[in-house]
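Note sheet for the following structure.
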2 protein chains.
Amino acid sequence: MAFLTACKLQDPVTIADKLFLDLRRAILVGEIPAGKKISEPELAAAYGVSRGSLREAIGKLENCNLVTRKPNIGARIIDFSTEQLLEIYQIREATEGMAARLAAEHMTAEELVHLRKILERHHAEIAQHQSYSQHDVDLDFHFSIIQGSKNKRLIRMLCQDLYDLVRFYRFRLKSGFSRSEQAFQEHNLIVSAIERRDGEMAETLMRHHIRASRDYACKLLEQMPTSDT
Amino acid sequence: MAFLTACKLQDPVTIADKLFLDLRRAILVGEIPAGKKISEPELAAAYGVSRGSLREAIGKLENCNLVTRKPNIGARIIDFSTEQLLEIYQIREATEGMAARLAAEHMTAEELVHLRKILERHHAEIAQHQSYSQHDVDLDFHFSIIQGSKNKRLIRMLCQDLYDLVRFYRFRLKSGFSRSEQAFQEHNLIVSAIERRDGEMAETLMRHHIRASRDYACKLLEQMPTSDT
DNA sequence: CTTGGTTATAGTGTCGACATTATAACTTCA
DNA sequence: TGAAGTTATAATGTCGACACTATAACCAAG
């Protein structure tokens, strides 16, 4: 399960943190349906914790953009919309483009080897048509490059905040995600540019790659029935 | 005081929210020194509120990146470093570049008029050498363009999260910020590009502008004594 | 005098209870 | 019957107290 790696809390010590991770997973996987209102007493009882700890956990979920709160009304799981998905893609295009540029400047030799390994895994899984694990590979690829930027705040911004949203949407669009071959080619070009230390080109290619992903997601969404709760 | 505009909480109803705004302002202005450890009992007593409310406020401050928390140890105000400042500039270059591109596509005529007015204000204040209020004008300019992108998540990401950090640093570098004339020229070019609906050019110019700001800030930092606590 | 361990203290994490607000159900009147 | 007002209920906001952890002070042995 390379699901929920790259999280600030490797070993949650406090109850609120454990709860946060539990709820986060439940939301991302869809155990808790999107748009659902959170009842604090109910959830607290279900997990056997106090309302105080739960509220703290909800606060952290709010940071991750997975729930929204209104004063005196309560918290609810975020709802997904085509509009928001496109917004996220625009942000990813800008930020991950920059990450790729910086990665070309700062990535170490070992990190590049690791990146190549991810590509090989991707290639192997395409050959076996294991489309279900290609999402993880794709995430790993993007994570590695973001990590390679060495910009701590950018890493935090993307890995901790934005990518929870990305996972949230992935889990709801993973129907026929057969853009893997194309994506693999694009990944390949990006890695090559990084290996050449060509930051400008790495950024351009990454932006192109994410724009292509966005266009593909749009096409998928158009031919989908509007799913209501 | 155009200080703390553009915040999600126009009218804070809950105690924790009021406290959050109070503390946020105190941190940005420097009333609470950078790097200072927060004592929950002490602060709670000082503001006459319960520790629970305070903890909630601290949680929100953590989202704004103004404090960091470690479990069982406590929270402390962030410390500023040259490294972090550069990281922020890199992120701004990418995200605000994208914002400018989107603004060129989506800004309304009225918003463009407003933008021009900001430029005029900037121009007037340069003539009068009111360098103290030029920071506000500069912030207003960038805020307007971000707002014009119409990307709600991008707006939130920048205006709510990143720009608190920008203000945090501004307040500590506002010594001789005499790049105003240069900045004004660059702002002018950006607005022109947006008016022409030339998103590509707007992005390029915005990135150039922010990179120039970064270089200038770097120069300032180099000829500054390392300030210890 | 220094170092290791022990105790004391302050601080954070957690909880249950009360106050206040929003929502649902109900009653009453047109 | 429908709509407005009122009451009742449930949920959120707030608080003070207890439990546990980390740090500081202290003491003892080398």
Side-chain angles (χ1 to χ4, degrees), chain A residues 7-27 32-79 229, chain B residues 7-27 32-79 229:
Chain A
C7 181
K8 56 180 168 180
L9 303 168
Q10 296 90 345
D11 188 23
V13 289
T14 183
I15 290 183
D17 284 343
K18 286 183 210 137
L19 200 67
F20 162 67
L21 288 181
D22 273 7
L23 292 175
R24 176 166 165 271
R25 190 197 52 77
I27 294 171
I32 305 178
K36 168 151 187 167
K37 178 162 186 327
I38 291 179
S39 164
E40 291 185 3
E42 190 182 322
L43 251 191
Y47 281 82
V49 298
S50 133
R51 256 187 68 221
S53 301
L54 173 63
R55 281 173 68 84
E56 197 137 329
I58 292 178
K60 290 171 190 290
L61 289 172
E62 201 183 2
N63 304 15
C64 299
N65 302 308
L66 292 177
V67 311
T68 58
R69 286 178 97 172
K70 287 180 187 171
N72 284 320
I73 290 182
R76 54 184 344 130
I77 312 295
I78 57 164
D79 220 342
T229 313
Chain B
C7 182
K8 57 180 167 181
L9 303 169
Q10 296 90 343
D11 188 25
V13 288
T14 183
I15 290 184
D17 283 343
K18 287 183 211 136
L19 201 66
F20 162 68
L21 288 182
D22 271 9
L23 291 175
R24 175 165 165 272
R25 188 197 52 76
I27 295 172
I32 306 179
K36 167 151 187 165
K37 180 164 184 329
I38 291 179
S39 165
E40 291 184 4
E42 189 183 322
L43 251 190
Y47 283 81
V49 298
S50 135
R51 258 188 66 222
S53 301
L54 174 63
R55 282 173 69 82
E56 196 137 330
I58 292 178
K60 290 172 190 289
L61 289 172
E62 201 183 1
N63 302 19
C64 298
N65 302 309
L66 292 177
V67 311
T68 58
R69 285 178 99 174
K70 287 181 187 171
N72 284 320
I73 290 182
R76 54 183 343 130
I77 312 295
I78 57 164
D79 222 341
T229 313

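A note on names: the letters A, B, ... follow the listed sequences, proteins ahead of strands, and every chain is numbered from 1.
For the atom pair A/Ile58 CD1 and A/Leu23 CG, the distance stands at 7.5 Å (nearest 0.5 Å).
Checking C/dC15, C/dA22, C/dT14 against every side-chain atom of A/Asn72, the shortest atom distance belongs to C/dA22. When the nucleotides D/dA11, C/dT12, C/dG13 are ranked by their closest atom to the side chain of B/Arg69, C/dG13 comes out on top. With C/dT23, C/dT12, D/dT14 as the choices, the nucleotide that has an atom nearest any side-chain atom of A/Ile73 turns out to be C/dT23. For B/Ser50, the side-chain atoms get nearest to D/dG16 when compared with the rest of C/dG16, C/dG11, D/dG16.
As judged by a 4.0 angstrom heavy-atom cut-off over every strand, B/Leu43 is placed among residues making no nucleic acid contact. Among the protein residues, A/Leu19 comes within range of no part of the nucleic acid, since none of its heavy atoms lies under 4.0 Å from any strand. Backbone-only engagement by A/Gly74 is indicated by non-hydrogen atom pairs under 4.0 Å involving sugar-phosphate atoms exclusively.
Residue A/Ser53 has no polar side-chain atom (N or O) positioned under 4.0 Å from OP1 or OP2 of C/dG13. Contact check, A/Thr14 against C/dT12: no side-chain N or O comes under 4.0 Å of OP1 or OP2. Regarding contacts with the backbone of C/dT21, every side-chain N or O of A/Lys70 stays at 4.0 angstrom or more from both OP1 and OP2. In this model, the phosphate group of C/dG13 is not approached by any side-chain N or O of A/Arg55 to a distance below 4.0 Å at OP1 or OP2.
Scanning all heavy atoms of the two residues, the minimum distance from A/Ala16 to A/Ser53 falls at CB-O, 3.8 Å. Across A/Leu54 and A/Ala44, no two heavy atoms sit closer than the pair CD2-N, 3.7 Å. Here the closest heavy-atom approach between residue A/Asn63 and residue B/Gly59 is recorded as ND2-O, 4.4 Å.
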Would you check, one step at a time, whether the test side chain to side chain contact (heavy atoms under 4.5 Å, CB included) holds for B/Thr68 with B/Ile78?
-> CA-CA 6 Å; B/Thr68 58; B/Ile78 57 164; 4.1 Å; yes

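Straight-line distance from the CZ atom of A/Arg51 to the P atom of D/dT14: 11 Å, rounded to whole Å. B/Leu54 has its CG atom 12 Å from the C1' atom of C/dT12, to the nearest Å. Between the CG atom of B/Asp17 and the P atom of D/dT14 there is a distance of 8 Å, rounded to whole Å. In this entry the distance linking CD1 of A/Ile15 with P of D/dA19 reads 14 Å, nearest Å. Straight-line distance from the CD1 atom of A/Ile58 to the C1' atom of C/dT14: 16 Å, rounded to whole Å. As rounded to whole Å, 16 Å separates atom P of D/dG16 from atom CD of B/Glu56. Here the C1' atom of nucleotide C/dA19 and the CD atom of A/Glu40 are 15 Å apart, to the nearest Å. Atom C1' of nucleotide C/dA10 and atom CD of B/Glu42 are separated by 12 Å, given to the nearest angstrom.
In terms of position on DNA chain C, the residue among B/Ile38 and A/Gly52 whose nearest nucleotide sits closer to the 5' end is B/Ile38.
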